[in-house]
Enquirer: 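Once you've had a glance at the structure underneath, I'll fire off some questions.
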Amino acid sequence: FFFLRKLRTATTQPQASLNGDRNSSGSKGKGNPFLVPGATVATIAMLGALHARRMYSDKKIEEARESGIEPELQPDVKAKFLNMLPLRSISRFWGHLCGKELPVWVRPYAHRAWARAFHSNLEEVGLPLKEYASLKDFAIRRLKDGARPINSDPHTLMSPVDGTVLRVGELKEGVMIEQVKGFSYSVSSLLGARSLLPLMAPPAHEDTSCQQENKLSSKSWWRISLASPKLREEPSSPPSPMKGLFYCVIYLTPGNYHRIHSPVDWNVLVRRHFSGRLYPLHSRAIRTIKNLYVENERVVLEGRWQEGYMAMAAVGATNIGSIELFIEPGLRTNLPRKKLVQSEAPQERVYEPQVMLKKGDEVGAFNMG
Amino acid sequence: STVVLVFQAPTTSPSSEFSFCVEKGDKIQMGEALGRWHQQ
């Protein structure tokens, strides 16, 4: 009521002015600190309503998920609007801003505020807060020794990052990964058309009747043998158990530890960099934007481990488009594009010699920018 | 940001079968087990 009364006062003032009662209206409006123009109130009300609607929608989806109903892809206007924004430039600007060196006395306050906003655990930070010169440095901080014990079981594949598991499963005939119920993307489009992905598993036993299958297998393995001389010995090796292809998608929130580690002992053969968009990757974006992981900027590492093929794709997001590789410090991602039209071909580098990584080794980091 | 892992693991023999230790929606930390298999 207070607001409405003030609003009515504000709207009646111009009318009073028109009637020639300038002095009286001026004295009423002047010096009143609670006077809010109608347009501002309307904007605030609209933003509040939109936020309330979003919270209601998120709550409904969470309730549905708890009762076992999977959310489906629902493209909306905001997703289309995101398509028009220069998200790569915005991310670079954000990275530039967060890379500014802060005065030493400001650093603890700034880093604590960041940690509070994104629920980071300050107790496991490796250095005193004043040692991190910028927010960018703090975002890719190392942790204290022992904060992340590495699972030492040799028959275990460990998580390469901190985060939330979005999808796990086995890749079947279609070789598709589900983004959201009703929409999937192909692994080849994520990893690249020239991927070493063994599309056909090697036969468990020699069988002359399966000539067609063998032909397809040799085709996919031929690609691997080109990349690694060591793998040429594979066909002559004794029959091994059938190998299935599995996948795991892990999402990192802004407050998570942002370094990427090696999940097993493996040899990295190829690195592929896809210059793409930088859509956000939170749960709402996953529900509303198609092909998120296939369209976003990403770096893919491919190689071999004791059980066969291994690939790790680090997918960037809005404001986190600078993916660093410690095994290739020269790599730069989210650079300004020279051409207006996006080039489809990813930049590929074959590592010679192969890069050997031990379980738990630091591989890279998601950096701001 | 997101990390996607794609990998081969044994599946034919139940004694050596690979299985995930996590489910969709689980929070996980670096170094914790994602999946496990048994040596034949």
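Lettering of chains follows the sequences in order, A, B, ..., and the numbering in each one begins at 1. Every heavy atom of this structure was used, including side-chain atoms; hydrogens, water molecules and symmetry mates were not.
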Enquirer: Going through the distances and angles, do B:F18 and A:F246 end up as a ring pair (Phe, Tyr, Trp, His ring centres under 6.0 Å)?
Expert: CA-CA 9 Å; B:F18 174 85; A:F246 295 86; 4.9 Å; yes
Enquirer: Measure the CD-OG1 distance between B:E32 and A:T156 for me, rounded to the nearest 0.5 Å.
Expert: 12.0 Å
Enquirer: For B:Q29, which atoms come within 4.5 Å of any heavy atom of chain A: side chain, backbone, both, or neither?
Expert: both
Enquirer: Is A:L301 in contact with chain B via its backbone, its side chain, both, or neither, using a 4.5 Å heavy-atom distance?
Expert: neither
Enquirer: If I take atom OG from residue B:S1 and atom CD1 from residue A:I260, how far apart are they, to the nearest 0.5 angstrom?
Expert: 7.5 Å
Enquirer: Could you grab the distance from atom CZ of B:R36 to atom CG of A:N151, nearest 0.5 Å is fine?
Expert: 6.0 Å
Enquirer: Roughly how far, to the nearest 0.5 Å, is the CD atom of B:Q8 from the CD atom of A:Q306?
Expert: 12.5 Å
Enquirer: For chain B, which residues of residues 158-166 of chain A have at least one non-hydrogen atom nearer than 4.5 Å to it?
Expert: A:M158, A:S159, A:P160, A:V161, A:D162, A:G163, A:T164, A:V165, A:L166
Enquirer: For a side-chain contact (heavy atoms from CB on, under 4.5 Å) check, start with the C-alpha distance between A:I250 and B:T2, then their side-chain angles and the critical distance, and finish with the verdict.
Expert: CA-CA 6 Å; A:I250 305 172; B:T2 298; 5.9 Å; no
Enquirer: List the steps, then state whether side-chain contact (heavy atoms from CB on, under 4.5 Å) holds for B:F7 with A:M312.
Expert: CA-CA 9 Å; B:F7 54 93; A:M312 186 156 68; over 6 Å; no
Enquirer: Between A:L252, A:N296, A:I150, who has the most heavy-atom pairs with chain B when the cutoff is under 4.5 Å?
Expert: A:L252
Enquirer: Which bit of A:L278 is near chain B, if near means a heavy-atom gap under 4.5 Å: side chain, backbone, both or neither?
Expert: neither
Enquirer: Given that the side chain runs from C-beta out, which part of A:P280 has a heavy atom under 4.5 Å from chain B: side chain, backbone, both or neither?
Expert: neither
Enquirer: Could you go through the side-chain contact (heavy atoms from CB on, under 4.5 Å) check for A:L157 and B:F20 one step at a time?
Expert: CA-CA 9 Å; A:L157 182 128; B:F20 281 102; 5.7 Å; no
Enquirer: List the steps, then state whether side-chain contact (heavy atoms from CB on, under 4.5 Å) holds for A:M310 with B:L5.
Expert: CA-CA 8 Å; A:M310 165 71 69; B:L5 277 182; 4.3 Å; yes
Enquirer: Among the options A:A313, A:A314, A:A317, A:P263, pick out the one with the most heavy-atom pairs lying under 4.5 Å from chain B.
Expert: A:A313
Enquirer: Taking heavy atoms only and a threshold strictly under 4.5 Å, list by residue number the residues of residues 359-369 of chain A that touch chain B; give 'none' if the list is empty.
Expert: A:F366
Enquirer: Please classify the contact between A:D153 and chain B as side chain, backbone, both or neither, with a heavy-atom cut-off of under 4.5 Å.
Expert: side chain
Enquirer: Can you tell which part of A:W305 gets under 4.5 Å to a heavy atom of chain B, answering side chain, backbone, both or neither?
Expert: side chain
Enquirer: Mind ranking A:G321, A:G169, A:P254 by heavy-atom pairs under 4.5 Å with chain B and telling me who comes out on top?
Expert: A:G169
Enquirer: Measure A:H282 against the heavy atoms of chain B and call it side chain, backbone, both or neither at under 4.5 Å.
Expert: neither
Enquirer: Name the residue from B:L34, B:I28, B:V3 that meets the side-chain contact (heavy atoms from CB on, under 4.5 Å) definition with A:C248.
Expert: B:L34
